[in-house]
Amino acid sequence: MDEFVQLGWAKYFSNGLFDTIWHPKAVGYAMFFEIAHLIGWDARSILFVGRMQTALLACLTIGFVYASARSLGENRARALAIVLVLLCFSNFMERIFRTIAEPLAVFFAVAALLVVLRARELKGWPLVASGILSGLSFLATQKAVYFNFALGLGLVGDAALRGRYAAGVARGTWLILGWTVPIVVYCFIFGGADPVPVARNLFFGPIEIATRGGADYGGLRRFVLQTLARNYVLYVFCFAGMALALAQIMKLDERRRIALIFSVVITVLVFAHDQPWPYVFIMALPFMSLWSLALLDGIANRVRYLRIAWIALATAVSISFVANLLYLRIDNAAQLELVARAESLLAPDERYFDGIGILPNRMEPTTLWLDVHYVLKTLRESGRSEAYSVLSKSPPKLILWSYRMDYIYPVVAPLILNSYVRIAPNLRIAGVLLQSGERKIFDVPIAGSYALYNEDGSQLSGRVEVDGKVLAPPVQFSTGPKTVILHDPAGEALLLPTGSYAGRFKPGKDNDLLFDGVYD
């Protein structure tokens, strides 16, 4: 679900962002996905272009990892082996192309480290350039402060270990100077003459998310165990390699020492993160993989153990690669079908609600994100909740249904039961299903013209009785409860907002597996 909402945030650039809508997260990733909105011609194409963007970004990230390995003294074959190890981590293969903020942040973080590793002298403009890239990573997601801290500690820590404290201070100063540049530009782009509120939001916005931790979700540490279990051989090589390098840290050259400190710090921070969703691990894996062959170097003089280690690594890489390719055969056809159908039912100026932002090119009456935290909050607040307020005060034409809506249904049921009708799996539209001669209460959520339609969306002619008056649709409705009786045609008919729906309805129950097993 994160993919849809994060890809779709670009639609708010000209629709209230940092004016009436204050996103607590940095929106650098949304600027990146604006490209998909400019290239795409409908919701599905925007999603596909966004996927291709992050896939291309992943390729560049992998290229930077290869270049970093070469800068650390690895030959071509060993650098390619390091890239292969990285690609065979299940988390990396499964998550690096997702349309979320982390792949963009990782791209800039790897680039920032590469600039340091390639610099002739670690002072002045190379460090400013690295700082700028670190700042861009932070603007993709504030979680990238982990990268910023790790890189700064690497640069300053290396100098401190060699007793060059003044050089360490200078390095940190240059890095922070570069880091500040994109932050300041960001604040002025979105804040104009008053950048301070944007800056305050950038730095303090995520605090509520960070401080509440993962308690609402429960058991998130299982994802740490999951990734360790699925990739244990690869993790053994990476962790052992970093441990061996740490044991000889004073013997390492300057660049390797900086890269090692960076890798160790980011790994500790990522694995200690209190919301370790599977995609979070891609923040550490590129840097861990740089040390995946160090264990082989450590046992190079023990031929028997070296042979066993190579066999174990080759086997793990092969099995993981095959397993990941099988995983990538899984598509999201049901989600894309829902997106296409929902988009076809909504004019550009009409709104929908789902609490997960699944339509990247249609607006919602709220940016409410129905994760577990806000589901629980909605249930606690009931009639005072944002979801209830939205559906009662600014009801949408269309509601897209998922298990998140199932969760909050006890709260919003009074606003949906007599106001919306299912016209396709996971889709509710403002309207009511009428049976010939049967009296129905239709609590009209949206004022406007309503007409009769059959089950496939074709418009019908007929007569309906509304509060005692027999009328021939289309009928103009004001909001509020109406007593409606279908007189003609015989049988069933849908009373819906006037529109072109032919061929857009579909019989069937909701797909409860729409987002099932996404982290399995």
Side-chain angles (χ1 to χ4, degrees), residues 1-34 98-106 108 134-149 179 182-192 194-217 220 269-270 273-277 279-280 283 353-358 360 363-378 380-381 384-387 389-390 404 408:
M1 291 184 177
D2 295 48
E3 284 194 276
F4 292 98
V5 72
Q6 294 199 33
L7 178 70
W9 256 95
K11 66 190 174 189
Y12 294 109
F13 280 142
S14 57
N15 291 283
L17 187 62
F18 293 113
D19 180 15
T20 58
I21 299 171
W22 287 77
H23 195 13
K25 296 182 180 180
V27 297
Y29 70 88
M31 297 173 70
F32 174 69
F33 289 126
E34 174 68 10
R98 299 296 177 93
T99 54
I100 53 179
E102 281 72 18
L104 182 62
V106 170
F108 284 123
S134 293
L136 291 172
S137 181
F138 181 78
L139 292 178
T141 170
Q142 290 101 322
K143 207 179 287 141
V145 71
Y146 286 177
F147 295 132
N148 308 153
F149 177 73
W179 183 85
I183 308 298
V184 171
V185 171
Y186 174 95
C187 294
F188 275 102
I189 286 175
F190 291 111
D194 188 18
V196 175
V198 175
R200 187 183 301 115
N201 187 75
L202 179 64
F203 289 101
F204 298 107
I207 287 180
E208 187 266 336
I209 299 173
T211 53
R212 74 173 185 241
D216 288 336
Y217 305 94
L220 293 187
L269 291 174
V270 165
H273 188 43
D274 66 353
Q275 295 185 40
W277 299 102
Y279 59 79
V280 172
M283 296 175 62
F353 177 77
D354 61 0
I356 58 175
I358 199 171
M363 301 301 293
E364 304 148 77
T366 177
T367 58
L368 175 64
W369 171 243
L370 283 176
D371 64 356
V372 172
H373 174 77
Y374 283 103
V375 164
L376 295 174
K377 185 177 181 182
T378 299
R380 285 195 306 269
E381 295 178 348
R384 297 177 291 105
S385 66
E386 184 175 350
S389 177
V390 164
R404 302 283 178 98
I408 68 166

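Atoms considered below: every heavy atom in the structure, side chains included; atoms not considered: hydrogens, waters and symmetry mates.
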Rounded to the nearest 0.5 Å, what's the gap from [atom1] on [X] to [atom2] on [Y]? Could you check?
| X | Y | atom1 | atom2 | value |
| --- | --- | --- | --- | --- |
| F188 | I183 | CZ | CD1 | 13.0 Å |
| L7 | I358 | CG | CD1 | 11.5 Å |
| M363 | Y12 | CE | OH | 5.0 Å |
| S389 | R384 | OG | CZ | 12.0 Å |

Note to self: Counting only heavy atoms from other residues, nucleotides and ligands, does the tally under 6.0 Å from CZ of F149 exceed 12?
What the structure shows: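 No - once you tally the heavy atoms of other residues, nucleotides and ligands closer than 6.0 Å, there are 12 at most.
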
Note to self: My understanding is that only residues two or more places apart in sequence, or in another chain, count here; which of them pass side chain to side chain donor-acceptor pair (under 3.5 Å) with Q6?
What the structure shows: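 Counting only residues at least two positions away or on another chain, Q6 forms no side chain to side chain donor-acceptor pair (under 3.5 Å).
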
Next item on the list: Evaluate side-chain contact (heavy atoms from CB on, under 4.5 Å) for W9 paired with I21, printing each intermediate quantity in order.
Entry: CA-CA 11 Å; W9 256 95; I21 299 171; 3.5 Å; yes

Looking at [X] and [Y], what are the two nearest heavy atoms and their distance?
| X | Y | answer |
| --- | --- | --- |
| Y29 | L104 | CA-CD2, 3.7 Å |
| W277 | L220 | CH2-CD2, 3.6 Å |
| A101 | A140 | CB-O, 3.4 Å |
| P182 | L139 | O-CD1, 3.4 Å |
| A387 | F353 | CB-CZ, 4.5 Å |
| V390 | P365 | CG1-CG, 3.4 Å |

Checklist line | Derivation and outcome, side-chain contact (heavy atoms from CB on, under 4.5 Å), residues I356 and F4 | finding: CA-CA 7 Å; I356 58 175; F4 292 98; over 6 Å; no

Hey, does [Y] have a side-chain heavy atom less than 4.5 Å from the side chain of [X]?
| X | Y | answer |
| --- | --- | --- |
| V375 | I408 | yes |
| F204 | Q142 | no |
| V106 | F147 | yes |
| P197 | W22 | yes |
| F190 | F13 | yes |

Notebook entry, point to check: Where do D2 and Y279 land on the side-chain contact (heavy atoms from CB on, under 4.5 Å) test, with the steps shown first?
Noted result: CA-CA 11 Å; D2 295 48; Y279 59 79; 3.8 Å; yes

Checklist line | Residue from T378, T366, T367 passing side chain to side chain donor-acceptor pair (under 3.5 Å) with E386 | finding: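 The side chain to side chain donor-acceptor pair (under 3.5 Å) with E386 is passed solely by T366 among T378, T366, T367.
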
Next item on the list: Would you sort out whether F138 and F203 count as a ring pair (Phe, Tyr, Trp, His ring centres under 6.0 Å), showing the intermediate values?
Entry: CA-CA 10 Å; F138 181 78; F203 289 101; 5.7 Å; yes

Checklist line | Under 3.5 Å donor-acceptor, Y186 side chain and V27 backbone | finding: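 Judged by distance alone, yes, a pair lies under 3.5 Å.
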
Next item on the list: Using modelled atom types only, decide if a donor and an acceptor are shared between the side chain of E102 and the backbone of V280 within a distance under 3.5 Å.
Entry: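 Here the side-chain-to-backbone pair does not exist.
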
Check: Using a distance-only test with no angle check, is there a side-chain donor-acceptor pair under 3.5 angstrom linking Y146 and H273?
Finding: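 Side-chain D/A pair, Y146 to H273: present.
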
Next item on the list: Only pairs at least two apart or in different chains count here, so list each salt bridge (Lys or Arg N to Asp or Glu O under 4.0 Å) that has a residue in residues 7-34.
Entry: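 Residue pairs passing salt bridge (Lys or Arg N to Asp or Glu O under 4.0 Å), neighbours aside: K11-E364.
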
